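For reference, the structure discussed in these notes is given below.
Naming convention: chains lettered A, B, ... in sequence-line order (proteins, then strands); numbering from 1 in each chain. Computed from a predicted structure; not experimentally measured. We use all heavy atoms of the structure for the numbers below, so side chains are in, but hydrogens, waters and symmetry mates are not.
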There are 2 protein chains.
Amino acid sequence: MQKQETLTKNQKIVLDIIEKSSQPLKAYSILFDVKKKGINAPLQVYRALDKLVKIGKIHKIESRNAFIACKNSKCQIANATIFSICESCEDVTEIHDHKLSEHLRDFKDNKGMKYNKYNLEFFGLCKKCV
Amino acid sequence: MQKQETLTKNQKIVLDIIEKSSQPLKAYSILFDVKKKGINAPLQVYRALDKLVKIGKIHKIESRNAFIACKNSKCQIANATIFSICESCEDVTEIHDHKLSEHLRDFKDNKGMKYNKYNLEFFGLCKKCV
DNA sequence: AACGCTGTGTAATAATATAACATTTATAAG
DNA sequence: CTTATAAATGTTATATTATTACACAGCGTT
Ligand SMILES: [Zn+2]
Ligand SMILES: [Zn+2]
Ligand SMILES: [Zn+2]
Ligand SMILES: [Zn+2]
């Protein structure tokens with residue numbers, strides 16, 4: 001069981017903004033939003049983001065340099081993420097697919113790598129944008 | 001069948017540098033290397049990179065903002081990539097695993113997304129770094 | 001020739017992320 | 001309570017990654 005982390009003031013502010021958005025937010029857009037709450041510099045945002053990613057409260061969408069809240073209580077450690085991304089409207093959804101996760105978790109290459117994390121991003125068009 | 005593209009001068013220069021490296025290169029490190037060949041500005045590099053990615057000659061390692069040559073003749077279209085990344089020495093290897101590729105290609109979510117691309121990155125420690 | 005398309009060269013700037021330093025707060029040990 | 005230690009903060013400056021804007025060149029098509 002993962003120890004329940006107590007978030008600090010800045011971490012709470014940043015997490016709050018991200019959780020209120022259904023879609024990924026960029027660091028500087030978060031910065032803009034939290035200026036009214038006393039966070040003034042990029043580094044303050046990036047430090048909070050780093051921590052939140054580390055404890056699995058949020059995930060980074062690598063191809064978009066953006067951050068989205070994790071809604072899955074199981075994925076408290078940010079080590080196994082799958083996203084679906086619409087290239088037209090940029091809608092992003094985290095995917096929880098047991099079978100696929102299992103395949104990825106069990107994957108072994110032929111070079112003896114010790115895996116502890118993966119990130120998978122699917123791209124395409126959502127229903128609305130087809 | 002994909003039309004065989006004829007590369008332009010700048011595209012050839014950039015591809016050449018990337019193919020000579022076994023490991024991913026960053027855009028500005030490529031720029032530094034090609035200055036002696038008459039490429040002076042970031043944009044010239046980024047334009048060549050964009051094209052090379054589009055035709056599948058190279059892939060972008062999203063989590064590293066770096067570019068690596070594709071050695072697989074089959075993956076001429078850059079729409080299905082799997083990488084293994086050592087978090088200690090940063091060694092990157094492209095993975096070609098038929099079974100895993102099949103699973104990813106066949107994956108369907110429950111929202112009616114039309115996928116046309118995916119990118120998967122595994123992270124861990126390589127044999128040397130364990 | 002006129003057009004559309006792709007690529008080029010150059011300058012300027014935007015967007016993303018980190019380094020360095022001084023200080024403060026939280027936690028734990030003696 | 002005091003001391004030690006780790007984690008977080010606040011601030012400034014800077015590094016790194018990527019794009020906008022504009023003028024023009026080459027090439028194939030009509
Ligand atoms: Zn999650
Ligand atoms: Zn869409
Ligand atoms: Zn490839
Ligand atoms: Zn390694």
Side-chain angles (χ1 to χ4, degrees), chain A residues 2-18 21 23-68 78 87 90 92 119 121, chain B residues 2-18 21 23-68 78 87 90 92 119 121:
Chain A
Q2 183 84 357
K3 187 197 160 203
Q4 183 59 27
E5 300 272 355
T6 308
L7 298 180
T8 65
K9 178 173 142 282
N10 287 0
Q11 289 159 10
K12 274 181 206 151
I13 292 171
V14 170
L15 178 58
D16 191 52
I17 292 277
I18 298 175
S21 165
Q23 288 305 301
L25 297 179
K26 305 207 147 211
Y28 276 74
S29 120
I30 294 169
L31 174 59
F32 180 85
D33 287 346
V34 298
K35 283 215 161 148
K36 61 195 74 155
K37 306 217 174 177
I39 293 182
N40 301 300
L43 193 46
Q44 295 175 288
V45 172
Y46 278 105
R47 285 198 280 225
L49 289 172
D50 282 352
K51 184 64 188 291
L52 293 168
V53 166
K54 207 169 290 172
I55 65 178
K57 292 284 189 186
I58 64 174
H59 303 302
K60 181 171 188 181
I61 311 297
E62 292 288 356
S63 65
R64 298 299 186 262
N65 299 317
F67 301 84
I68 194 168
E87 290 185 301
E90 290 295 320
V92 173
N119 178 55
E121 299 181 2
Chain B
Q2 183 84 355
K3 186 195 161 205
Q4 181 59 26
E5 302 271 356
T6 309
L7 299 180
T8 64
K9 178 174 141 284
N10 287 1
Q11 289 159 10
K12 275 182 207 153
I13 292 171
V14 169
L15 177 58
D16 191 52
I17 291 279
I18 298 175
S21 165
Q23 288 304 302
L25 296 178
K26 305 207 146 210
Y28 276 72
S29 121
I30 293 169
L31 175 58
F32 180 85
D33 286 347
V34 299
K35 283 217 162 146
K36 62 195 76 158
K37 305 215 174 178
I39 292 182
N40 302 300
L43 192 47
Q44 296 175 290
V45 172
Y46 279 106
R47 285 198 281 225
L49 289 172
D50 282 351
K51 185 63 188 291
L52 293 168
V53 166
K54 206 167 290 171
I55 64 177
K57 289 286 189 185
I58 64 175
H59 303 301
K60 180 170 188 180
I61 311 298
E62 292 288 357
S63 65
R64 299 299 186 262
N65 298 317
F67 300 84
I68 194 168
E87 290 185 303
E90 291 294 320
V92 173
N119 178 54
E121 298 181 3

Is the phosphate of [N], meaning OP1 or OP2, less than 4.0 Å from a side-chain N or O of [X]?
{"X": "B:T8", "N": "C:dT6", "result": "no"}
{"X": "A:K51", "N": "D:dA8", "result": "yes"}
{"X": "B:Q44", "N": "C:dT8", "result": "no"}
{"X": "B:N10", "N": "C:dG7", "result": "no"}

Residue list, side chain to side chain donor-acceptor pair (under 3.5 Å) with B:Q11, at least two apart or on another chain
B:T8
Would you please name every residue forming a side chain to side chain donor-acceptor pair (under 3.5 Å) with B:D50, sequence neighbours left out?
none
Protein-nucleotide distance ([X], atom [atom1]; [N], atom [atom2]), rounded to Å:
{"X": "A:L25", "N": "C:dT16", "atom1": "CG", "atom2": "P", "answer": "12 Å"}
{"X": "B:L52", "N": "C:dG7", "atom1": "CG", "atom2": "P", "answer": "10 Å"}
{"X": "B:K37", "N": "C:dT8", "atom1": "NZ", "atom2": "P", "answer": "15 Å"}
{"X": "B:N40", "N": "C:dA11", "atom1": "CG", "atom2": "C1'", "answer": "12 Å"}
{"X": "A:K12", "N": "D:dA8", "atom1": "NZ", "atom2": "P", "answer": "13 Å"}
{"X": "B:L31", "N": "C:dA11", "atom1": "CG", "atom2": "P", "answer": "14 Å"}
{"X": "A:L49", "N": "C:dT16", "atom1": "CG", "atom2": "P", "answer": "12 Å"}

Atom pairs, N/O to N/O, protein against nucleotides 23-29 of chain C, distance under 3.5 Å?
none

Residues forming a side chain to side chain contact (heavy atoms under 4.5 Å, CB included) with B:Q23, sequence neighbours excluded
B:S21, B:D91, B:V92
Would you please name every residue forming a side chain to side chain contact (heavy atoms under 4.5 Å, CB included) with A:E90, sequence neighbours left out?
A:R64, A:I85
Output one letter per nucleotide in nucleotides 12-19 of chain D: B when a protein non-hydrogen atom lies under 4.0 Å from the base, S when only the sugar-phosphate is that close, - when neither is.
B----BBB
Looking only at the side chain of B:Q11 (C-beta and beyond, no hydrogens), which of the listed nucleotides C:dG7, D:dT9, C:dT10 gets closest?
C:dG7
Approximate separation, where rounding is to 0.5 Å, of B:K60 NZ and B:L52 CG:
13.5 Å
Please round to the nearest 0.5 Å and tell me the distance separating atom CG of A:L49 and atom CZ of A:F67.
4.5 Å
Side-chain donor-acceptor pairs under 3.5 Å in residues 27-46 of chain B, sequence neighbours left out?
{"from": "B:N40", "atom 1": "ND2", "to": "B:G38", "atom 2": "O", "distance (Å)": "3.4"}
{"from": "B:Q44", "atom 1": "OE1", "to": "B:N40", "atom 2": "N", "distance (Å)": "2.8"}
{"from": "B:Q44", "atom 1": "OE1", "to": "B:A41", "atom 2": "N", "distance (Å)": "2.9"}

Judged by atom type as modelled, is there a donor-acceptor pair below 3.5 Å linking the side chain of B:E121 to the main-chain atoms of B:E62?
yes
Could you tell me which non-hydrogen atom of B:L25 sits nearest to which non-hydrogen atom of B:I18, and how far apart they are?
CD1-CA, 4.0 Å
Terminal helix-axis angle for the helix from C:dA1-D:dT30 to C:dG30-D:dC1, with five pairs defining each axis and rounding to 10 degrees
30°
